[in-house]
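First comes the structure, then the notes that go with it.
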Amino acid sequence: MHASFPNSVPSTICKKTRNPSFCFNVLKSAGTTDLKGLATFTLNLAHNKATKTHALAQSLASKAADRKLKERYATCAKHYDNAADDIEDAKHNLRKGYYNGVNIQAFGAMTEVGDCMDNFTQPPKNPSVLSNNEKVVEDMCSIILVISNLLLGRS
């Protein structure tokens, strides 16, 4: 399926993630196979997506007519703001070589995103655009978790 990456760094990483085909698509555009470079690349993508989703949730909150939806979107905006902060902290930890911190922060970002979506287990339903973004951020954080574990194994 991914013949261009046999036994390579992306192959090693992606087979351990929650969405291997997404992982391959992300990492093939990174322009590096260096673990720290791949981590930086993926963290930057995740941060951008979390920031954009924060803005989207704020916009949805301001436009929602339903009071419950308005509150849920406002809560999601806070969770995505926290997730973006976690990812920023992970980038800082990566630069310092503190790979356990990268792991902790990536997991924290995944938790924040999941907490947003947990708000929508009861009606009214969430429009798919927010849940699509959630999956992308979680899948990116999954990649970061695998890379940070590989970096931990080397240190």
Side-chain angles (χ1 to χ4, degrees), residues 1-62 73-120 126-155:
M1 181 164 97
H2 300 287
S4 60
F5 291 131
N7 301 319
S8 68
V9 171
S11 177
T12 302
I13 294 166
C14 292
K15 68 185 177 189
K16 296 177 183 173
T17 65
R18 52 188 269 164
N19 189 344
S21 61
F22 174 86
C23 176
F24 275 103
N25 286 333
V26 167
L27 297 186
K28 75 180 179 190
S29 58
T32 183
T33 55
D34 170 70
L35 286 177
K36 278 184 93 167
L38 291 171
T40 300
F41 178 80
T42 310
L43 283 164
N44 286 335
L45 287 177
H47 188 266
N48 289 344
K49 193 65 166 182
T51 302
K52 285 179 180 167
T53 307
H54 169 253
L56 172 65
Q58 281 184 314
S59 171
L60 290 168
S62 71
Y73 290 135
T75 299
C76 278
K78 287 180 191 151
H79 284 302
Y80 274 95
D81 191 38
N82 292 341
D85 288 346
D86 285 342
I87 294 165
E88 196 58 47
D89 290 345
K91 287 162 60 172
H92 180 72
N93 285 326
L94 181 67
R95 285 190 294 274
K96 291 175 89 173
Y98 180 48
Y99 305 127
N100 196 45
V102 175
N103 194 299
I104 291 165
Q105 297 305 144
F107 187 78
M110 282 178 92
T111 302
E112 290 288 350
V113 171
D115 287 350
C116 163
M117 297 325 295
D118 288 348
N119 283 312
F120 293 97
N126 168 39
S128 63
V129 68
L130 205 57
S131 54
N132 289 347
N133 286 7
E134 174 222 8
K135 181 156 179 31
V136 170
V137 174
E138 285 188 331
D139 287 346
M140 286 181 184
C141 288
S142 170
I143 297 168
I144 296 159
L145 286 171
V146 172
I147 295 172
S148 64
N149 283 333
L150 290 170
L151 286 164
L152 273 167
R154 289 184 172 185
S155 53

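With sequence neighbours left out, Arg95 forms a side chain to side chain donor-acceptor pair (under 3.5 Å) with no residue at all. With sequence neighbours left out, Cys141 forms a disulfide bond (SG atoms under 2.5 Å apart) with no residue at all.
Side-chain atoms of Asn149 and Lys16 form no donor-acceptor pair, as typed in the model, at a separation below 3.5 Å.
With contacts defined as side-chain heavy-atom distances shorter than 4.5 Å, the pair Lys49/Asn133 qualifies. The shortest distance between side-chain heavy atoms of Ile13 and Leu35 falls below 4.5 Å. With a 4.5 Å cut-off on side-chain heavy atoms, Pro10 and Thr33 count as touching. For the pair Arg18 and Met110, the minimum side-chain heavy-atom distance is below 4.5 Å. When side chains are defined from C-beta on, Ser131 counts as touching Met117, because their heavy atoms get closer than 4.5 Å. Taking the side chain as every heavy atom from C-beta outward, Gln105 and Asn93 approach each other to under 4.5 Å. Looking only at side-chain heavy atoms (C-beta outward), Cys76 and Leu130 come within less than 4.5 Å of each other.
Other residues, nucleotides and ligands place no more than 12 heavy atoms under 6.0 Å from the CZ atom of Phe107. For NZ of Lys36, the number of neighbouring non-hydrogen atoms (other residues, nucleotides, ligands) closer than 6.0 Å is greater than 12.
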Review point. Could you walk me through whether Asn119 and His79 pass the side-chain contact (heavy atoms from CB on, under 4.5 Å) check?
Key: CA-CA 11 Å; Asn119 283 312; His79 284 302; 4.3 Å; yes
Exercise for review: Assess whether salt bridge (Lys or Arg N to Asp or Glu O under 4.0 Å) is satisfied between Glu88 and Lys91, documenting all intermediate values.
Suggested key: CA-CA 5 Å; Glu88 196 58 47; Lys91 287 162 60 172; 3.6 Å; yes
Review point. Would Tyr99 and Ile147 count as a side-chain contact (heavy atoms from CB on, under 4.5 Å) if you check the C-alpha gap in whole Å, the side-chain angles of each, and the deciding distance to 0.1 Å?
Key: CA-CA 9 Å; Tyr99 305 127; Ile147 295 172; over 6 Å; no
Check your understanding: Checking side-chain contact (heavy atoms from CB on, under 4.5 Å) for the pair Thr40/Leu94: CA distance, chi angles, key distance, verdict?
Key -> CA-CA 8 Å; Thr40 300; Leu94 181 67; 3.2 Å; yes
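Annotation: Tyr73 is not in aromatic contact with Tyr80 [ring centroid separation under 6.0 Å not met].
Taking OG of Ser148 as the reference point, atom CG of Leu43 lies at 9.0 Å (rounded to 0.5 Å). In this structure, CG on Leu27 lies 5.5 Å from CG on Leu38, to the nearest 0.5 angstrom. Taking CD from Gln58 and OG1 from Thr53, the interatomic distance works out to 11.5 Å, rounded to the nearest 0.5 Å. Glu134 CD to Asp118 CG: the interatomic distance, rounded to the nearest 0.5 Å, is 8.0 Å. Rounded to the nearest 0.5 angstrom, Lys78 NZ and Thr75 OG1 are separated by 5.5 Å. Expressed to the nearest 0.5 Å, how far OG1 of Thr51 lies from CG of Leu56 amounts to 12.5 Å.
Residue pairs meeting the disulfide (SG to SG under 2.5 Å) criterion with at least one partner in residues 13-55, sequence neighbours excluded, are Cys14-Cys23.
Shortest non-hydrogen contact noted between Thr42 and Ile144 is CG2-CG1, 3.7 Å. Taking both residues in full, the closest heavy atoms of Ala74 and Ala61 are given as N-CB, 3.7 Å, listed atom of the first, atom of the second, then distance. Taking both residues in full, the closest heavy atoms of Phe24 and Ser11 are given as CZ-CA, 3.7 Å, listed atom of the first, atom of the second, then distance. Scanning both residues, Ile87 and Ala50, for their nearest heavy atoms gives CD1-CB, 4.1 Å. Closest of all the heavy-atom pairs between His54 and Ala77 is CD2-O, 2.7 Å.
Side-chain atoms of Ser59 never come within 3.5 Å of backbone atoms of Ala55 as a donor-acceptor pair (strictly under, hydrogens ignored). Remark: the backbone N or O of Val26 is paired with a side-chain donor or acceptor of Ser29 at under 3.5 angstrom.
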